[in-house]
Every structure is written in structure tokens, then in C-alpha cells.
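Just below is one structure, and these are the notes that go with it.
Since this is a predicted model, take the numbers as computed values, not measurements.
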Amino acid sequence: MHLLQGRAGKNGKTPGQLKKEVMDPQYDPQRIEAKWQRHWEERQTFAVADGDGEKYYLLEMFPYPSGKIHMGHVRNYSIGDVVARYMRMKGYNVMHPMGWDAFGMPAENAAIERKTHPATWTRQNIDYMRRQLRRMGFSYDWNRELATCDPSYYRWEQLFFLKMYEKGLAYKKQSAVNWCEPCRTVLANEQVEDGRCWRCGTEVESRELSQWFFRITAYAEELLAGCDELAGWPERVTTMQRNWIGKSIGARIVFPVPGAEEPLTVFTTRQDTLWGATFMSLAPEHPRVAELVAGTGREAEVEEFVARQRKQRRGDRELGTLEKEGVFTGRYCINPVTGGRMPIYLANFVLLEYGTGAVMAVPAHDQRDFEFARQYDLPVIVVIQPPDRELDPATMTEAYAESGFLVNSGAFNGMDNRAALDAVAAHLAERGLGEKTVNYRLRDWGISRQRYWGAPIPIIYCERCGTVPVPEADLPVVLPEDIGVTGEGGSPLAQAPAFYETVCPACGGPARRETDTMDTFVESSWYYIRYACAGHDAAPFDPAAVSYWLPVDQYIGGIEHAILHLLYSRFFTRVLRDLGYVDFAEPFTRLLTQGMVIKDGAKMSKSKGNVVDPNAIIERYGADTARMFSLFAAPPELDLEWNDQGVEGASRFLNRLWRLAHEVFPALRDVEPYAGALADLPEDLRSLRRKIHQTISRVIADIEGRFHFNTAISAVMELVNELRPLAEALGDDPLARRVVREAFEAVLLLLSPIVPHITAELWQELGRETELAACPLPECDPDSLLTDTVTLVVQVNGRVRDRIEVAADADNAAIEAAAMASDKVGKFTAGKAVRKVVVVPGKLVNVVV
RNA sequence: GCGAGAGUGGCGGAAUUGGCAGACGCACUAGACUUAGGAUCUAGCGGUUCAUCCGUGGGGGUUCAAGUCCCCCCUCUCGCACCA
């Protein structure tokens, strides 16, 4: 009955095929996918309401509407959709929303290039990409859709800003910031990678600007401690966050500077080595440099050094490979415990941003200080001796950074240096020379952007009253859309008097609005809460909805946000908690970071020319094939190598399933799936039924336990492979028809989260009236997994030599006897003494000779 | 340099706890059906000197039994990288 002709998925172009189509319709993904997508939309199948049973909030990172979806989206959202559909089958009330991270620079750049408006460009992209996502059959509740560029969204963000301003969590300060010239804006520290802009890859420059910051450092300790609670996150993500926060415990120590009003303060984690501090190193940009060097006669040399360091490209400075270099300021400070005079140097390796920008140098016990001391011939004093040898400053070739006992350290001599850490800190504190301190690497989050397409910062500057927040009643500060974006002359808002000219809310006098907009990472720091409150316009959130839906149970997205978006969101959630909006701290209970989609060994990108357009795949093979391949080719956390032939394979499987269905459905329509006992079946059907229930159990374990859809799919393929010969030879036997029907229904149910369209169509063709998307997951009948006999492997000296069939409940003695009776075993044990027989019930027998 | 992860057929990948290495798929080979096949079906498919022996990056070890556990080494990927 293999009458079917024509090519899979090619829309039936073969001549003479028409006749066959009538009697045995060809798998036509375009037709059935359109049908079911329309069906789901009309019935609102995936719309959910609050409080309707046990909730499950599944979220994928929302896309930036750049124009069209790419394979990374297809993969990310296919993974999410399987989980959403699967959890629905498990009976959960699943919220699965989608929206748009719609502010951002590409819109502005595109507007400049194409002479259109960022808003127009963005909204067109959203419309197109929404159609593409619908075409993939993703089960979103579109009623909850949001776009962050809508005033109805960002008005709440402006409100949060005002509340944060009140609490001192948003503040403005003048500081050195990262400036990206092509992007013409400032970047947060998190957005600079290896000294380059995360978006365009250009090296960033340092500029002194007055900018708005969010005080994320106030939450450093809590964000760090929270990492321990994130059991559902990949460890490498929490590790990256811990490293980024960079907590270190040490001490602040004060070094008097004779002739200066203020002493110098350092942060060190090695206060135990204080007696060995022989000089002081400052960052070249340290604010006290000019004052310290004044009157020493070394001004010119120091100035030259500072200028050179400033020019030194930041990327190079951060590589850590530069030779140690510095300059003497001509001034000295005093070691507070030894009274020794320590020359003050500027050193190229000292970072202004970390600690206090000043480092006490202990050349004997710090490699950098050691190199610097050798370079400039500075004294080396050993204060820690290793247990097994004696260090001599004259002959040392590198610093000794390990542990040991203190020497040359006054009252602390002989103490273990690790024990001395707290003791020295206490000693300093008693004398007012310093104190134990915790230092973090994390800096505050700079959120000002000198760009147009973002949420305006709701602040007004008045000459008389200073910085004045926009009154809540005046929100939102709407981003004007009737503005020309040219890319010339700086931020468009700063060139739009209609926007920035205003009156002071405090005194009524003329005033000027802030023309910077907020970093778009602010919008994505709270969108997942807003999804739960779609349409709620009295307040940012509906407390009842938030307490029902939040936090997100499962979040899915790319590893590239391991720090950026995920750290900001954790911070923002805590801020919202402290402002009284939510009552939880961690937004995402479980996190899955999926790998990249690569082709020819590289990430898909226009510049590499290895991009596969999802549209082409959908047109040729359909959405089910695209979904199936992206789930089958690799487990989600690994990179996925795109392979056109692999796509063919996925398509082939669906075609095979379709044909098989049409061969056997006539014989299945009028029977019920088998639901009786295993024992009542003949052997071949018993084996099929066992396979059905093994498959159910495997698929559940693979999807639920670890999101390994690739092995879940291969389990179903195995079932189909076993089912096929029986189905093709199916006669009138009602028992056989019922078991085959049970098998076919299991296949459709188990595959439905993965390929929802073809399975829905076949389900209907099988005569089922209940919608497949609303069916519960099949249950594994444990009795059907039982067998009367089991096959055991028989090994001789660990090598497989035979297989034996024994009763499932045979005892070890019986198993051993059966194994020893094997001819093949006899061949390998002949003439040798059996030293030992290991029996592992249900698995194997190992005969040791 | 530090931290994490990985290394399995020609390829993507399987192997829940130490217990049959290579499931499933791709590619490939042969055959069937064909005017034809890039469709479909059947069979084969780690290597080998083929009733054997060797095989999970390399070397050692523990064990009746190791891809899995322990030690040393190599390679790759990712993250951090002068953090005092």
C-alpha cells in the first residue's frame, strides 16, 4: 500500500499525483498549520485567567523587534513552547506571554538610514514578527502582549524612578563613564566587554559626565547571598554573578601623609602583610595626584606619565599583560605600624574604580608589587616565612603569596598569617588606624543614555530649585514622536525645545527637562511582572494577579544575559519589593540557558554569511519540522549545529508518521484504545504495549526532569519504529487494533507539545473530538512495564559472551545455574577454575575465572 | 594565570545510580519498486588479521565490572582577568 508519490513537503508538484491525493492526502503542513493556528486563535485556546487552578508561569526572554525572527528565536521559543504545552497537559494553569523589548538604538539607527521614524520602524517590525511567531504555532496568550515603547508601559517605569529617587536609590553624579562614540552614548560597566561596547564592538572611551545611577551596590550583599538560594539556576550563571559582584573581605588602612591635610586610605585583603609595606601605589587618575605632587619639582614628569596613561587604550590596560610602570610623586606617606617612610608612586596597574584607587605595596608578598619594586629598586621586606624554607629578599625571584608565619611584625611575630588577618584588623581599629571592611567590585548602574528612543527620565532642572522630580500626577513624560531623528548634533531630545522647555513644578519658573533617556535594560528588568497585570491601568501592578502568578517558575533565554539582564532583574525586583509593590525577591525560580544556533562552526551572523532564515524553512517544510529539528538536534543547553540534512530527517519522520496514520486509521476509527491488562494479550501485542508505557515513562522523565527533548523525541521514534510493522500488517483482530490505537494515541499525545499541528490534525482524523491541546498527558501503567522473563547478559571476566532468559523473579542461585549451563560460557571457562560469580539481578552475571 | 564545562563512529548526539558503549537521527553502501529518483521501502553500517581481539583525548590506578570513580597529563570552549 505504498502508493504515495511525490516529494515530502514540496507542495505536491509531481504530475500524475492528483489521483493519489484524493484517496490518501499528502502531508501538507501549510494547510494544516494554518488551520490549527486559526483554530487556536478563534478559540483563545491559550488565554489564561488568574486563579484558575495551580499556576505555572513560563517565560522566554522577549525579543528586540529588529525586523524578523532568527533561528535563535525559533530555538528559544520552541523550547519554551514545549514546556508550556507539556505543563498544560499536566493540568497546570499556564501563563505563557510574549512581548517586545521595543526601545533601543537599532530603531534609531535604522530611522537615520532609512529616513523613517523609530516608532514606525519598531511598530512595523513588531507586526511582522508577531505574524512570524504565530506562524510557528507558539501557544502564547496574546492578550498579555506588551511593548516597552508604549507610554502605558514606561509610565510605570518613570513612577519607579521617582520612588527610587525619593529613597536615594536613583541619584545623579559626575564621574568618569564609558562612552561609545559610534553609539553616541554612555554604557554601564556591565555593557562593556573587554573594553568594547557590547553592541557595536567599538572600544569605549572614558568621559567625565554627569549621569543618573541606580544604587545597585546597596543590594550587593543581598544579591550575592541570593545566589545561594537559586538552586534552579545553572551554576555557571550564579558563579558569574558572584564574580561580578566580587566581594572581598579585608581592611581599610589609613596612611598619614606628612605635609598634607588628608591621609591616604587603602583597601587591602592582606593587612597581615602591613609590616612589609614599603611603598604606596596610586591609580594614575587618582584625584589627589595634583595635590600630592605640587611643590615636589616632579610635576612635569608626573603629568607626562598621567597623560600617557590616559591615552593608553583602555582595552590594553585591562588585558593585564602590560609591563609594570610607574612614576614617583616626590611625596611620602608613613607606614602606620612601622613608622617607615613609604614613597608614593603612581602605577599603571592600579585601578581607580576598585577599592580606594590606592594600594599599599608589599613587594615580598604580592607579585605585582614585587615586579614594580625590582623595576624601581624599592626595598623588599619579608614578613611571612614559609614553613619549609627561608625567604631572603636579596635572592627572591618572585613574591611569596602563600601562607606561613609572621616575622618582622612586632607583636604578631610567629603567628599564622591567616590567623593574623582578623587580629591585625582589630589591632588597627583599636588605634584608629583602620578597620575591617568588605569591598565589592560591583559598581552602581549608570542608566543615562544620550539617545532618543528610550523612556524619558522624569526629572526637571530649575535654575532656582535645582533638580526637581516630575510630580507623579504629570506622568507619563511622553516621548514626543513628532521629532526628526538625524543622527547629527547629539541627542534629538536635547534639540527639541518643545520637549525640554517646561516650567518648574516647584516654583513655576522656566525650567528644562532631562533629555537623557533610560537604559533599555531598565524596561526588561520588570516586564515579567507586568505580563501578569495586562490592562491594569490604575497602578503598575495588580497585587492579586502578582501574588498569583509571580515569580516566574521557569525562565528560558540565552547565556549572554548571565550578568546583564539577569542581575539587573534581580536587583529591580528587590527594589520593587522595598517600594512595596511585590513581596518576593527572586524573579526567576528556575532558569534554563540555551546554547547558540551555529552553522559551519560559527554563530549565525550576517557578516559570516551563514544565516538560515526561518521563513525559508517554514515555507519549505512547515513550522512543525522547524520546531522538531531545533529540539531534536541537541539538548537545549548545548550549541545547536544547524544541518539542512537534519531538517530533512525531521521532515521525513513527520511524513512517515502521516502516511502510517492514513494507512491504519480506517482500521482504528471504530475501536477504543486498549486499556486492559497486559496478561490478556498475545506476546507481540504485549511487547508493543510494554513499549508504549516505557515510552511514556521515558518521555516524562526526559522532559520533566531535564528538558532533554532530543531523547524524548528519539524515544517516540523508537515506538513508531516498533509500531509500524504491526500497524502495516493489521488485520481484523480487534485486540490488535485496540493496542495499535493505544500506541498511536500515545504517539500523538507525547509529540503534541513538540509538533502541535500535525498531531492535532491526526487526532481529529482519528475521530477524537476533544481538542488535543486540552488533553491530559498519558499515564504510564507500571504493570505494563513488568515482564515474566528478563534477558541477562552473561559475562566471562567482564566480557559479554552470551545472553540468557530467566524468570523475572528467579533467585541468584537459579540465575547462576542458568548462566553456568550456557555452552558459550562453557567454552570460555573450560579447563579453568571458576573463582567467583557475580550476579546482578535484572542486569547480568559475571563469571570470573 | 584563575574558575567552570567539555573531549564517545564520517557527523549531531545516546548511555538516571559503576553493569550489554554507540539509542535515535544524519551521511554512506547494497538491494527492491521505477522511464527516472534528490521520493518510498528492505538490509547493512566503530575498527579488525572477524567463533578473535581492540576501541569513549593520552597515561596510570581502584573494581568481578569504568565513558562513568581516583591521580597525572594533553586539547578545546566559555567566563573572569593587574580586583590589591
Side-chain angles (χ1 to χ4, degrees), chain A residues 2-10 14 17 193-194 234-237 239-240 242-244 246-248 250 266-271 273 281 317-322 324 347-351 353-362 365-369 371-372 439-441 559 562-563 595 629 632-635 637-650 652-653 655-656 659 698 701-702 705-706 708 710-718 720-721 728 791-801 803 824 827 835-840 842-849:
Chain A
H2 305 291
L3 298 173
L4 194 73
Q5 299 197 353
R7 293 172 191 187
K10 284 197 176 175
T14 315
Q17 191 189 342
E193 299 166 348
D194 286 338
E235 208 179 299
R236 75 180 173 131
V237 176
T239 301
M240 281 165 74
R242 283 192 191 95
N243 290 342
W244 185 261
K247 177 181 184 175
S248 46
V266 305
F267 171 75
T268 181
T269 55
R270 296 300 306 276
Q271 60 271 23
T273 63
S281 306
R317 257 196 81 182
E318 290 191 348
L319 279 178
T321 52
L322 282 183
K324 303 288 170 285
N348 63 343
F349 61 88
V350 179
L351 304 172
E353 316 86 77
Y354 187 77
T356 63
V359 180
M360 70 175 207
V362 185
H365 305 293
D366 181 283
Q367 186 59 24
R368 295 157 300 186
D369 297 341
E371 288 170 29
F372 196 87
N439 189 65
Y440 299 92
R441 205 182 77 120
I559 186 76
I563 292 173
F629 175 73
F632 180 63
E637 65 275 14
L638 260 54
D639 284 350
L640 182 149
E641 171 79 31
W642 189 265
N643 177 345
D644 292 336
Q645 284 162 332
V647 180
E648 290 276 357
R652 206 142 57 202
F653 172 76
N655 273 285
R656 207 149 48 214
R659 280 195 307 273
R698 277 178 63 185
D702 285 347
R706 43 180 208 168
H708 276 206
N710 56 332
T711 49
I713 292 170
S714 67
V716 179
M717 285 175 165
E718 281 184 51
V720 173
N721 289 346
E728 282 169 355
T791 305
L792 300 187
V793 162
V794 184
Q795 300 178 331
V796 177
N797 288 344
R799 295 205 176 100
V800 180
R801 297 302 183 188
R803 274 150 229 274
K824 290 178 186 165
K827 221 180 80 184
R835 301 209 322 253
K836 187 173 180 182
V837 179
V838 181
V839 177
V840 184
K843 298 265 186 189
L844 55 68
V845 182
N846 190 10
V847 181
V848 186
V849 294

Looking at every strand, decide which applies to [X] at a 4.0 Å heavy-atom threshold: base, sugar-phosphate, or nothing.
X: A:R698; value: nothing
X: A:R835; value: nothing
X: A:V848; value: sugar-phosphate

Give me the distances for all protein-to-nucleotides 77-79 of chain B N/O pairs that come in under 3.5 Å?
from: B:C78; atom 1: O2'; to: A:R236; atom 2: NH1; distance (Å): 3.4

Tell me whether the side-chain N/O atoms of [X] come closer than 4.0 Å to OP1 or OP2 in [N].
X: A:R659; N: B:C41; answer: yes
X: A:R368; N: B:G1; answer: no
X: A:T791; N: B:C20; answer: no
X: A:R441; N: B:A81; answer: yes

Check whether A:N439 reaches the backbone of A:S248 with its side chain - one donor and one acceptor, N or O, closer than 3.5 Å.
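Not a single qualifying donor-acceptor pair exists.
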Pair of N/O donor and acceptor under 3.5 Å linking B:C82 base with A:K324 side chain:
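Flag set: donor-acceptor pair detected.
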Could you encode protein contacts along nucleotides 65-70 of chain B as a string, one character per nucleotide from 5' to 3', using B for base contact, S for sugar-phosphate-only contact and - for no contact, with a heavy-atom cut-off of under 4.0 Å?
S-----
Among B:C53, B:U16, B:C82, the one nearest any side-chain atom of A:R801 is B:C53
Considering only nitrogen or oxygen atoms on both sides, find all protein atoms under 3.5 Å from nucleotides 25-31 of chain B and state each distance.
from: B:G25; atom 1: OP1; to: A:N721; atom 2: ND2; distance (Å): 3.3
from: B:C26; atom 1: OP1; to: A:R652; atom 2: NE; distance (Å): 3.3
from: B:C26; atom 1: OP1; to: A:R652; atom 2: NH2; distance (Å): 2.7
from: B:A27; atom 1: OP2; to: A:R652; atom 2: NH2; distance (Å): 3.1

Pair assignment for RNA chain B - dot-bracket with | for other-strand partners, Watson-Crick or G-U under 3.5 Å
(((((((..(((......[....))).(((((.......))))).((.....))..(((((..]....))))))))))))....
Taking only residues two or more places apart in sequence, or in another chain, which ones meet A:A650 in a side chain to side chain contact (heavy atoms under 4.5 Å, CB included)?
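A:T625, A:M628, A:F629.
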Contacts of type salt bridge (charged side-chain N to carboxylate O under 4.0 Å, His left out), residue A:R801, not counting sequence neighbours:
none
